[in-house]
There are 2 protein chains.
Amino acid sequence: MNKVNLKQLAKELNLSVSTVSRALRDSWEISTPTKQRVFDLAKKMNFQPNPYASSLRKHRSRTIAVVIPEVANNFFALAIKGIETIAREKGYHVLIYLTNEDGSEEMSVAANLQSGRVDGVILSMSGETGDVRHLMELQQRNIPLVFFDRVCDSIEAPKVVTNDYESGFVATEHLIKAGCQRIAHLTISMGLSISHKRMKGYTDALLRYDKPYEDTMIVHCEGSDEENFLKIRDLLASDQRPDGIFASVEMLAVQVYHACRELGLEIPRDVKVLGFSNLVTASLLSPALTTIAQPAYEMGKEAATILFRRLEKKYILTPDHRVILPARLEVRSSTL
Amino acid sequence: MNKVNLKQLAKELNLSVSTVSRALRDSWEISTPTKQRVFDLAKKMNFQPNPYASSLRKHRSRTIAVVIPEVANNFFALAIKGIETIAREKGYHVLIYLTNEDGSEEMSVAANLQSGRVDGVILSMSGETGDVRHLMELQQRNIPLVFFDRVCDSIEAPKVVTNDYESGFVATEHLIKAGCQRIAHLTISMGLSISHKRMKGYTDALLRYDKPYEDTMIVHCEGSDEENFLKIRDLLASDQRPDGIFASVEMLAVQVYHACRELGLEIPRDVKVLGFSNLVTASLLSPALTTIAQPAYEMGKEAATILFRRLEKKYILTPDHRVILPARLEVRSSTL
DNA sequence: AAATATTACGATAACGTTTTCGTAGAAAAC
DNA sequence: GTTTTCTACGAAAACGTTATCGTAATATTT
């Protein structure tokens with residue numbers, strides 16, 4: 001019971017292949033009774049058009065790629081969910097590629113996508129990406145690209161982000177108002193748009209509230225979880241220990257908790273902690289973690305919506321279309 | 001600078017299309033100098049073979065589908081990561097489909113996959129699936145299927161699971177040994193293999209240790225998070241309150257924490273809690289959550305490995321090949 | 001009644017690969 | 001020197017769709 005195609009349907013119905021094809025696509029060129037005959041037999045024989053033949057002929061695959069640094073992470077998982085939801089609605093298929101925060105993997109994925117396998121790409125940049133030619137080449141091949149969260153400002157493409165600068169500012173301000181005198185900032189790869197902006201928000205808030213900026217309070221966490229843990233532990237064990245920590249990503253906030261536990265520091269008494277995070281368990285941690293929560297699901301949906309709008313040429317949007325969805329500060333006991 | 005194909009390469013090189021094609025696939029029929037010329041020009045012109053033409057001709061897409069109920073969930077996210085890792089190694093592409101725990105969505109996805117879009121499918125069943133014809137039809141179409149975690153025992157296909165029965169037993173046993181007299185079990189859709197087996201482990205442990213089995217201690221959590229929360233709260237607020245809770249999935253353990261918080265119950269003093277979970281923050285919760293952690297990443301890798309073995313016809317495995325990876329009990333303060 | 005338009009369909013050429021088959025020319029065998 | 005075997009390539013037919021073009025048979029207009 002295998003592989004029924006147009007030719008077989010046509011023979012069975014005493015019609016030509018082209019007529020059957022058109023009937024199935026509900027063309028006005030085909031009479032209603034003929035269409036009905038075709039529909040009925042197609043259903044009866046469980047005809048499924050070969051997507052590869054169709055894609056080859058139409059130069060459209062109804063497939064998009066999602067390229068992200070990591071999936072075992074609430075933010076990206078939710079974003080995927082948002083993207084998949086919209087894709088499903090639109091009848092598109094979603095290929096997923098994980099770069100593991102590795103710039104060279106991102107490059108090889110992008111190179112691969114030049115084959116025309118997908119109609120469009122939704123991407124969040126990996127941590128270690130230096131040059132971005134691989135992405136520009138996608139654009140040159142007329143493969144629409146939409147960034148989300150970790151965008152690349154030097155490339156003209158729609159971008160879906162949160163208000164990272166403001167969030168960085170608000171986060172720092174919140175720690176200051178909670179009484180912190182020396183606030184550390186844990187950041188990831190500084191090549192990333194988000195790191196940059198969150199950091200700027202941090203420094204501007206320090207400035208605004210006359211708090212000193214200290215180099216030693218900036219910890220670049222670009223290694224493995226273990227390496228980052230050690231860096232954070234060292235920071236907390238130093239005699240210049242911060243009394244507030246602003247973690248720019250979820251995992252770093254988690255490591256702060258582990259480090260405090262190991263060092264016997266009590267949050268928030270000894271050090272107040274705040275982190276970007278979409279942890280569902282934030283409120284259940286000991287103590288509950290104050291977070292900046294990004295609208296990950298909505299960001300995914302928005303990115304997908306923009307991409308499909310481009311693919312279906314519905315609206316023409318400016319090449320540097322930018323959607324900014326606000327993140328929200330959720331105050332909990334780790335900063336009381 | 002768009003779309004270079006074999007024909008253009010051939011013309012440029014004064015060769016035939018077939019020669020170029022063979023040269024690129026490193027065929028022994030082509031002389032070394034010719035191959036070199038072809039390779040050089042292909043690289044120079046950045047030739048990327050059209051995957052759809054290739055798939056159409058070869059009847060192989062080098063693409064697999066991953067069908068899962070949910071992604072915003074540590075278990076499934078890690079499994080995806082495992083699958084993607086192996087797929088990348090093998091040069092395969094990964095399509096992702098989320099069924100949102102909805103049987104009818106799973107059916108429509110499966111129906112769609114009959115088109116031959118993918119060479120194989122890795123699937124974890126959705127909660128509400130009743131009949132499984134859509135999956136049998138995949139098999140009939142010669143599309144290999146591998147199950148993981150939530151398997152379907154009535155279908156002959158390789159399965160990658162954890163030792164759910166033993167884990168259910170061990171979990172319950174652990175609660176009993178911790179002094180619990182009345183242990184509740186929170187379960188999801190009882191149509192699922194995992195629910196069934198974990199439940200059996202639970203009841204057998206009760207039997208083994210002469211604890212009474214009570215219907216009211218089984219709570220079927222098949223609704224939304226909110227609905228489940230209410231059910232759990234009711235359970236904990238009843239005068240027949242359990243002193244131990246075994247949650248069969250992560251989210252339910254989280255809801256138990258929320259319910260306890262709302263009711264002012266203290267874990268583990270008033271009620272001990274244990275849950276299946278891959279939460280990275282389990283040890284940071286208040287109190288730290290005792291978990292049964294599944295080797296999600298390894299399960300994903302294993303499922304993918306099995307699928308590719310079938311696709312590449314390397315080894316012939318029995319149709320009901322079953323890999324059981326052990327989950328591990330991680331005792332923390334919620335059951336002390 | 002002739003000319004024109006419309007309806008409903010068929011033949012066929014793409015799309016870009018891979019593969020089967022065939023064959024010049026060189027090398028080897030006799 | 002003739003036959004046979006390789007070697008290295010080309011022509012062409014697939015794969016299953018969709019799109020272009022053409023055309024019988026009606027229907028409509030003049």
Side-chain angles (χ1 to χ4, degrees), chain A residues 2-39 41-42 45-63 91 93 112 114-119 141-142, chain B residues 2-39 41-42 45-63 91 93 112 114-119 141-142:
Chain A
N2 235 1
K3 304 271 173 191
V4 32
N5 58 20
L6 284 185
K7 202 183 294 182
Q8 294 170 37
L9 283 183
K11 179 183 278 184
E12 194 89 9
L13 290 162
N14 270 324
L15 288 170
S16 76
V17 172
S18 43
T19 300
V20 176
S21 171
R22 272 181 290 222
L24 288 172
R25 325 199 88 243
D26 205 18
S27 160
W28 51 268
E29 288 188 271
I30 307 299
S31 70
T32 316
T34 304
K35 278 186 197 169
Q36 202 46 247
R37 286 210 304 142
V38 174
F39 284 146
L41 187 67
M45 297 185 68
N46 193 14
F47 169 73
Q48 295 285 122
N50 182 313
Y52 295 111
S54 180
S55 296
L56 174 59
R57 182 58 232 246
K58 296 203 293 188
H59 303 285
R60 285 189 78 209
S61 60
R62 295 195 84 80
T63 304
H93 300 259
N112 208 287
Q114 298 195 14
S115 64
R117 184 179 294 275
V118 296
D119 297 342
R141 294 240 175 185
N142 270 328
Chain B
N2 235 359
K3 303 269 174 193
V4 33
N5 58 21
L6 283 185
K7 203 183 292 183
Q8 295 170 37
L9 283 184
K11 179 183 279 182
E12 194 89 9
L13 291 162
N14 270 325
L15 288 171
S16 75
V17 172
S18 42
T19 301
V20 177
S21 172
R22 271 180 289 222
L24 288 172
R25 325 199 90 242
D26 205 19
S27 160
W28 51 268
E29 288 188 272
I30 306 299
S31 70
T32 315
T34 304
K35 278 186 197 169
Q36 202 46 247
R37 286 210 303 142
V38 174
F39 284 145
L41 187 68
M45 299 186 68
N46 193 14
F47 170 73
Q48 296 284 122
N50 182 313
Y52 295 112
S54 179
S55 295
L56 174 58
R57 181 59 232 244
K58 296 204 291 188
H59 301 286
R60 286 189 78 210
S61 60
R62 293 196 85 78
T63 304
H93 300 259
N112 208 287
Q114 298 195 14
S115 64
R117 183 180 295 275
V118 297
D119 296 342
R141 294 242 175 185
N142 269 328

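Every chain is numbered from 1, with letters handed out A, B, ... down the list of sequences. No experiment lies behind these values; they were computed from the predicted model shown.
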What closest approach, in Å, do [X] and [Y] show between heavy atoms, and which atom pair accounts for it?
X       : Y        : value
A/Ser21 : A/Leu6   : CB-CD1, 3.8 Å
B/Val17 : B/Lys7   : CG2-CA, 4.0 Å
B/Leu24 : B/Ala42  : CD2-CB, 3.8 Å
A/Met45 : B/Arg141 : O-NH2, 4.5 Å
B/Arg37 : B/Leu13  : NH2-O, 3.1 Å
B/Tyr52 : A/Ser61  : OH-CB, 3.1 Å

Check DNA chain D against residues 50-62 of chain A and give the residues with a non-hydrogen atom under 4.0 Å, in numerical order.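 A/Asn50, A/Ala53, A/Ser54, A/Arg57, A/Lys58, in order of number.
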Anything under 4.0 Å to a heavy atom of chain A counts; send over the first and last such nucleotide of DNA chain D, read 5' to 3'.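 Under 4.0 Å from chain A, the extent on DNA chain D is D/dG16 to D/dC21.
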Separation between CG of A/Asp119 and CG of A/Asn142, rounded to the nearest 0.5 Å: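 Taking CG in A/Asp119 and CG in A/Asn142, the distance rounds to 11.5 Å.
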Contact letters for nucleotides 4-12 of chain C, in which S counts primed atoms plus P, OP1 and OP2 and B counts the base, heavy atoms under 4.0 Å: ----BBBB-
Can you find a heavy atom in the side chain of A/Gln48 that is under 4.5 Å from one in the side chain of A/Val4?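 They are not in contact (no side-chain heavy atoms under 4.5 Å apart), so the answer is no.
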B/Ser21 side-chain N/O to C/dT17 phosphate OP1/OP2 under 4.0 Å: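 So the side-chain polar atoms of B/Ser21 never come under 4.0 Å of the phosphate oxygens OP1 or OP2 of C/dT17.
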Can a side-chain donor-acceptor contact be found between B/Arg62 and B/His93 if the only test is distance below 3.5 angstrom?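 Their side chains do not contain a donor-acceptor pair, so the 3.5 Å distance test is not met.
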Whole angstroms only, please: what is the NZ-P distance between B/Lys11 and C/dG16?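 Rounded to whole Å, this separation is 13 Å.
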Please answer whether the main-chain N or O of B/Ser115 pairs with a side-chain N or O of B/Asn112 as donor and acceptor at a distance below 3.5 Å.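 Flag not set: sc B/Asn112 to bb B/Ser115 has no pair under 3.5 Å.
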